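What follows is a single structure, written as C-alpha cells, with notes after it.
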2 protein chains.
Amino acid sequence: MAETENNIAIPQDFDSLKTIILERKAQLPKRLRQVAAYALDNPDEIAFGTAASIATSADVQPSTLVRFAQHFGFEGFSSLQQIFRARLRERTPGYDERLKALSGNDHSKLESGSIFNGFVAAAHRSLDNIASSVEPEAFERAVNILAGAETIYLVAKRRSYPISGYMAYAFGKLKVKYQMVGTAAGIDDDILAMAGPQDAAFAVSFSPYASESVNQAKLLANRKVPVVSLTDSAFSPLAESSKVWFELVEADHAGFRSLSASMAFAMALTVAIAEKRRRVSEDHLIE
Amino acid sequence: MAETENNIAIPQDFDSLKTIILERKAQLPKRLRQVAAYALDNPDEIAFGTAASIATSADVQPSTLVRFAQHFGFEGFSSLQQIFRARLRERTPGYDERLKALSGNDHSKLESGSIFNGFVAAAHRSLDNIASSVEPEAFERAVNILAGAETIYLVAKRRSYPISGYMAYAFGKLKVKYQMVGTAAGIDDDILAMAGPQDAAFAVSFSPYASESVNQAKLLANRKVPVVSLTDSAFSPLAESSKVWFELVEADHAGFRSLSASMAFAMALTVAIAEKRRRVSEDHLIE
DNA sequence: GCAAGAATAGAACATACATTCCAGATTTGT
DNA sequence: ACAAATCTGGAATGTATGTTCTATTCTTGC
C-alpha cells in the first residue's frame, strides 16, 4: 500500500496545504505534479468542480486526483476539496465590505473608516506600481554597490526618515556597518568627511526635496562615494548624483502619500544586501 | 403544471436573484419562504452543501429546495446552486492574479529580484490581512481617544520606531501636539511625568516586545492616560494597558516581517485624528 | 363547514459521482 | 540489462445525490 505520510500532519487550511504542495512539487511523479500545478493555478475549479470535470480540464484521470489527495494524507479527493472550499468560505469580508455593512447608523464611523480604507487601498496601489516599475537589473546593481561598501551612509529627511530609520535598525541586526546622516544637527559634515570611495550611500528623498539631502548626496558624489537613491521623479535633483536611482511614485490618499511601497523596497534592499554579503563571504571561503 | 414564470427572465447572477427573492418573499408559501430566508442568510451553505444537507439545516425536505428553485424559473436545485457558486467565484479578489503577474515578470530570474518580489508580496498580504482584522468600531474609538487628547505621546522602539517616526512627522505637519517617548536616553521619565488624563498615548510594539515600551505604556495607564496600541498578538503585554488595541500580524518574507500594513495603519490613524479634530472645531464654531 | 386547489412530506427512482481495482507502462535500483 | 517497485490509465463498483412522484395536509373561496 502506498505510504500516506502518517508522520506528517494533514494540512487543515489552504495556506499550509499550498506550502506543502510547493515543497513537495519537485519530487512528485509526473501526473501528480501536473495536478499540483493545476490545483494551485485554478483553486476555484478544484473548489467547485467535480472530480470528472477537473480531471478533464487538468488532462488527467479522475483516479489521479484521488491519488494526489491521498499523497498528501487525505482520505480521498473529496476531503482535499473541502480545503479548497473552506478557502472561499473563510475569506473574511475585508474592511470595506464590513464598513458598508455598518453604513448609516453612524456617520463619523464611516468617515474614519473610509480614511483607513483609503490608505490601505493606496498602499496596495503603490505596491502594484513598484512591482512593475523597479527594474530587476537596476536593483541588482544597487545591491552590488551597497553590498560592496565598507560603510553604508543613509541619507534621508522628513517623510523619508522612517525609511532610513528602518534600514538602520535592520542593518544593525544584520551586522552591516552603516552610518545615519542628519540625526543630530551640525555634525553631518564631519560624518560625511569620513566617507570615501570604498563606502557607499543610500539616499531617499521625495518632492518637495529636502535641500539638505540633495546637498549631502552631491557632496558624497563629489567625494567619489557611489550613491544609490530612491526618489519619485526622473527629474529629481538626487538622480544626477546617483549611480543607480529608482523612481517610485507612491499612491496617495487625501493628499497623504503612502510609504508602504518605499518600506517594502527598503526592506528588500536591506535584506538583499545582507544576503549578497553572506554569499560573497561564503564563496570566498570555498575558493 | 406549476407556473414557472416564463414571462420573467431567470436571474443569472446573485444580485438579481437576491432582489427577486426579496421581492417575492412575502407572497411565498410557508416552506418556500423558509428556504428563501435560509438561502439569503447562508449563501455559502447553499453554494457548497448538498441538497440533503441544506434541507436538513434549513429544516425542510430536499424536494422543497427543488420546488423553490423551480418557482424562480430554474430547472432544478442544481442550476440555482450555480448562481450561489458563481458569487463566490467572482468575489475572487483579483489579487491572486496580481501576485501571479508578479512572479511572472523577470524579477525572479535574479536572486535579489526574488527577494524584492517576496517583500512586495508580503506587503500585499499584510495589507489584506489588516483590512480584514481591524474593526471599524475599534478604529473609531481609537480615533476619538487620540483626537480628544491634549498631547499625544508616541511610544515605540526598535522595529516599530519608524512607525512613530512617521507619525511624528505627520503630526507636525498637521499641527497636532505630540511628544515622542524614548528618543534621547534618560529623559523619558521626565517626559512621561508630564502626561495626564487629558492626554493620550499611542504605543506600538511587536514581539519580541521591547520591555521599555511595555513599561512605559503601563506607567501611562497607571497615570490614567488612555493608551491606544498596535501590536501583533492578543497576548501582548501591551494589550492589558490599553483602552483600545489592534492586533496586526504582518506577513513576512524570509523571516523579515513587513512594515507596510503598520505604516498604512499609522497613516490612516494620523489623518483620521487630524480630520476628527478639524470637524469637531468646525462644529464648535457653528454652535 | 365544505369542496377545490395548492403545498408539503417522504419515499422511490435514476443517474452522476468518487472511489477502488487491476493490468499495463514507466521509472528506479542493482 | 534485469528485476522490483512505482506510477498510470481506464473500466467496474457501490454510494450519494438531485429529482420525481404520490398520498396527505393545509389553504382558500363560497
Side-chain angles (χ1 to χ4, degrees), chain A residues 1-6 10 17 21 24-39 42-86, chain B residues 1-6 10 17 21 24-39 42-86:
Chain A
M1 197 197 195
E3 196 50 60
T4 51
E5 310 285 341
N6 294 345
I10 302 163
L17 174 61
I21 291 178
R24 295 216 235 149
K25 197 178 163 187
Q27 344 164 8
L28 242 38
K30 189 180 161 200
R31 285 288 122 101
L32 296 191
R33 202 178 327 145
Q34 199 173 323
V35 173
Y38 183 86
N42 311 60
D44 285 11
E45 280 306 310
I46 305 279
F48 292 111
T50 67
S53 71
I54 296 165
T56 306
S57 66
D59 203 29
V60 294
Q61 291 292 323
S63 49
T64 308
L65 294 179
V66 177
R67 276 198 302 269
F68 177 80
Q70 286 169 346
H71 250 87
F72 287 93
F74 296 94
E75 203 183 316
F77 170 72
S78 302
S79 18
L80 175 128
Q81 195 176 33
Q82 292 310 315
I83 304 289
F84 282 78
R85 294 188 166 182
Chain B
M1 197 196 195
E3 195 50 58
T4 51
E5 310 285 341
N6 293 345
I10 302 165
L17 174 60
I21 291 178
R24 294 215 236 150
K25 197 180 164 187
Q27 348 163 6
L28 242 37
K30 190 181 161 198
R31 284 290 123 101
L32 296 192
R33 204 181 324 148
Q34 198 173 324
V35 173
Y38 183 85
N42 311 60
D44 286 8
E45 280 305 309
I46 305 280
F48 291 114
T50 68
S53 71
I54 296 164
T56 305
S57 67
D59 203 28
V60 293
Q61 291 293 324
S63 51
T64 308
L65 295 179
V66 177
R67 274 183 288 119
F68 177 80
Q70 287 168 346
H71 258 263
F72 288 93
F74 296 96
E75 200 183 318
F77 171 71
S78 301
S79 21
L80 174 127
Q81 196 176 31
Q82 293 309 316
I83 305 290
F84 282 78
R85 294 189 166 181

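Chain identifiers are assigned alphabetically (A, B, ...) following the order of the sequence lines, protein sequences preceding nucleic acid strands; residue numbering begins at 1 within each chain. Just so it is clear, the structure is predicted and the values come from calculations on it, not from any experiment.
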### Message
Quick check on B:Gln82: does its CD atom have over 12 non-hydrogen neighbours (other residues, nucleotides or ligands) under 6.0 Å away?
### Response
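Counting neighbours around CD of B:Gln82, more than 12 heavy atoms of other residues, nucleotides or ligands fall under 6.0 Å, so yes.
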### Task
Take B:Gly76 and B:Lys30, find for each the nucleotide of DNA chain D with the closest heavy atom, and name the residue whose nucleotide sits nearer the 5' end.
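Its nearest nucleotide lies further toward 5', so the answer is B:Gly76.
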### Query
Which part of the nucleic acid does B:Pro29 contact within heavy-atom distance under 4.0 Å: base, sugar-phosphate only, or nothing?
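Sugar-phosphate: the residue B:Pro29, judged by heavy atoms under 4.0 Å, touches backbone atoms but no base.
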### Task
Quick one: label A:Leu65 by what it contacts on the DNA or RNA (base, sugar-phosphate, nothing), any heavy atom closer than 4.0 Å.
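Contact class for A:Leu65: none.
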Please determine whether a side-chain nitrogen or oxygen atom of [X] lies at a distance below 4.0 Å from atom OP1 or OP2 of [N].
X	N	answer
B:Ser78	D:dT19	yes
A:Gln70	C:dT19	no
B:Arg67	C:dT8	yes
A:Gln61	D:dG10	yes

Quick one: which of [options] gets closest to the side chain of [X]?
X	options	result
B:Phe77	C:dT19, D:dG18, C:dT8	D:dG18
B:Val66	D:dC7, C:dT20, D:dT19	D:dT19
A:Pro62	C:dA18, D:dT8, C:dT19	C:dT19

Euclidean distance, atom [atom1] of residue [X] to atom [atom2] of [N] [Å, nearest integer]:
X	N	atom1	atom2	answer
A:Phe68	D:dT6	CZ	P	20 Å
B:Leu80	D:dG18	CG	P	12 Å
B:Gln81	D:dT19	CD	C1'	13 Å
B:Phe74	D:dT19	CZ	P	12 Å
A:Gln27	D:dC7	CD	P	12 Å
A:Leu32	D:dT6	CG	C1'	11 Å
B:His71	C:dA6	NE2	P	11 Å
A:Leu28	D:dT6	CG	P	15 Å

### Task
Check whether any side-chain heavy atom of A:Phe74 lies under 4.5 Å from a side-chain heavy atom of A:Ile83, and answer yes or no.
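Counting from C-beta outward, A:Phe74 and A:Ile83 do come under 4.5 Å.
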### Query
Any side-chain heavy atom of B:Leu32 within less than 4.5 Å of one from B:Phe72?
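A side-chain contact under 4.5 Å is absent here.
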### Query
Between the side chain of B:Gln81 and the main-chain N/O of B:Ile46, is any donor-acceptor distance below 3.5 Å?
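At least one qualifying donor-acceptor pair exists.
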### Query
Between the side-chain atoms of A:Ser63 and the base atoms of D:dG10, is any donor-acceptor pair under 3.5 Å?
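Answer yes: a donor N or O sits under 3.5 Å from an acceptor.
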### Task
Write down the atom of B:Ala52, the atom of B:Pro62, and the distance for their closest heavy-atom approach.
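For B:Ala52 versus B:Pro62, the nearest heavy atoms are CA-CG, 4.5 Å.
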